[in-house]
Amino acid sequence: MKIKKAVFPVAGLGTRFIPATKAMAKEMLPVVDKPIIQYAVEEAFAAGIEQIIFVTGRGKKALEDHFDRSFEIEHSLMEKGKEDLLKQIQELVPKTGTIIYTRQNQPLGLGHAIWCARDIVGDEPFAVLLADDLIQTDKPVLAEMVKKFDRLRASMAAVMEIEKNQTDKYGILDAQQVEEDIFRIDDMVEKPKPEDAPSNLAIVGRYILTPRIFQHLGKEKKGAGGEIQLTDAMKALLKEQPIFGYKFHGKRFDCGDKVGFQMANLAFALERPDMRDRLINFIKEIQKDV
Ligand code: UTP
């Protein structure tokens, strides 16, 4: 079965970005000139996804408006003959019915947010993208995972190698390498201390899940931080079905973290010919003072 639906949990409180996130979802924060969420939505469409499911909480309006038409701006750009910008904002709006919104009325955790999409997803495998995890790559991650899914027909999480002293920030795999970039997962440990970590392979925010995951999420078992965790449901799923880790190519930025967010802005801006030179000069200049 083809992966047609992608769930975007965007209902977190984004407390690390207060006050910016007081009235706005953190996924609407821009990296250079695009909201973080737009990078992930573009990645999903590039992977052949046909339906986007946003699980929202607060900040819904700005997000909904972003993927909707703005007659006022379009009209103004048309009058000023700004064809390029006009095309850009028109292309941003998917066909009506492509985006579905549902609401998580309490931020009970990532697992719970995904569970909120159960009836919209139905009985088919689906993708989950955490927009916070922004990945700079020439091989878009979800498209690669969809290809792997076509062959492996099993749930999958994107993984990357991390420094051993960072394991307490991630879900870590206990896994066997079965292909150059594929690992068969035996177990997962949430945020272990480096000495307890079974590997240095960390899960990042791209998943393909079989619908069976909803059974486990529906048990509403609270895990780390008192939240309903996706990792716990995946651990339960592992007892019934195989799950693979896909080691992606590229550099991942944690845009849910203030430093990671600044790094992403810099890295993406340096890729832009119109910004690069001025930024490099600025970096050289401030380097003298540090
Ligand atoms: P985070 O763990 O980054 O939490 O969520 P957060 O609340 O967004 O941010 P902080 O830690 O308070 O700053 C990971 C992803 O899961 C979503 C978030 O929107 C983010 O995409 N999420 C988390 C939900 O949709 N609902 C939740 O209850 C929790």
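We count ligands from 1, going down the list as the structure has it; atoms in each ligand are counted the same way.
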Legend entry - N/O separation below 3.5 Å, Glu27 to ligand 1: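 Indeed, backbone or side chain, Glu27 has an N or O that close.
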
Legend entry - Gly256-ligand 1 polar pair, N/O distance under 3.5 Å: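 Gly256 vs ligand 1: no N/O contact under 3.5 Å.
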
Could you tell me which atoms of ligand 1, counted from 1 in the order shown, lie closer than 4.0 angstrom to a heavy atom of [X]?
X	answer
Thr15	10 (P), 12 (O), 13 (O)
Gln104	24 (C), 25 (O), 26 (N), 27 (C), 28 (O)
Pro107	28 (O)

Inset, instruction - With atom 11 (O) of ligand 1 as the reference point, say which of Arg16, His112, Gln106 has the nearest heavy atom. - result: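 The residue whose heavy atom sits nearest atom 11 (O) of ligand 1 is Arg16.
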
Inset, instruction - Give the single entry among Leu13, Leu130, Val128 that approaches atom 7 (O) of ligand 1 most closely by any heavy atom. - result: Leu13

Of the side chain and backbone of [X], name the one, both, or neither that has a heavy atom under 4.0 Å from an atom of ligand 1.
X	answer
Glu227	neither
Ala113	side chain
Val10	backbone
Leu108	backbone

Starting from [atom], locate the nearest protein heavy atom and write down its residue, its atom name and how far away it is, to 0.1 Å.
atom	value
atom 17 (C) of ligand 1	Pro9 O, 3.7 Å
atom 14 (C) of ligand 1	Asp132 OD2, 4.3 Å
atom 5 (O) of ligand 1	Lys26 NZ, 4.4 Å
atom 28 (O) of ligand 1	Gly109 N, 2.7 Å
atom 25 (O) of ligand 1	Ala11 N, 2.9 Å
atom 19 (O) of ligand 1	Gly12 N, 2.9 Å
atom 16 (O) of ligand 1	Leu110 CD1, 3.5 Å

Assess the side chains of [X] and [Y]: does a donor N or O sit below 3.5 Å from an acceptor N or O?
X	Y	answer
Glu27	Gln38	no
Gln229	His112	no
Gln176	Asp186	yes

Legend entry - Cation-aromatic face contact Lys34/Tyr39, 6.0 Å, 45 degrees: yes

Inset, instruction - Measure from NZ or CZ of Lys284 to the centre of the six-membered ring of Phe282 and say whether it is under 6.0 Å with the direction within 45° of the ring axis. - result: no

Inset, instruction - Could you please spell out the steps behind the side-chain contact (heavy atoms from CB on, under 4.5 Å) verdict for Ile213 and Ser155? - result: CA-CA 9 Å; Ile213 196 78; Ser155 295; over 6 Å; no

Inset, instruction - Considering only NZ, NE, NH1 and NH2 on the basic side and carboxylate oxygens on the acidic side, decide whether Glu144 and Lys147 come within less than 4.0 Å. - result: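 Yes.
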
Legend entry - Side-chain heavy atoms of Arg206 within contact of Ile135, under 4.5 Å: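 Yes. Closest side-chain heavy atoms under 4.5 Å.
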
Are [X] and [Y] close enough that their ring centers fall under 6.0 Å?
X	Y	result
Phe17	Phe261	yes
Phe149	Phe244	no
Tyr207	Phe126	no

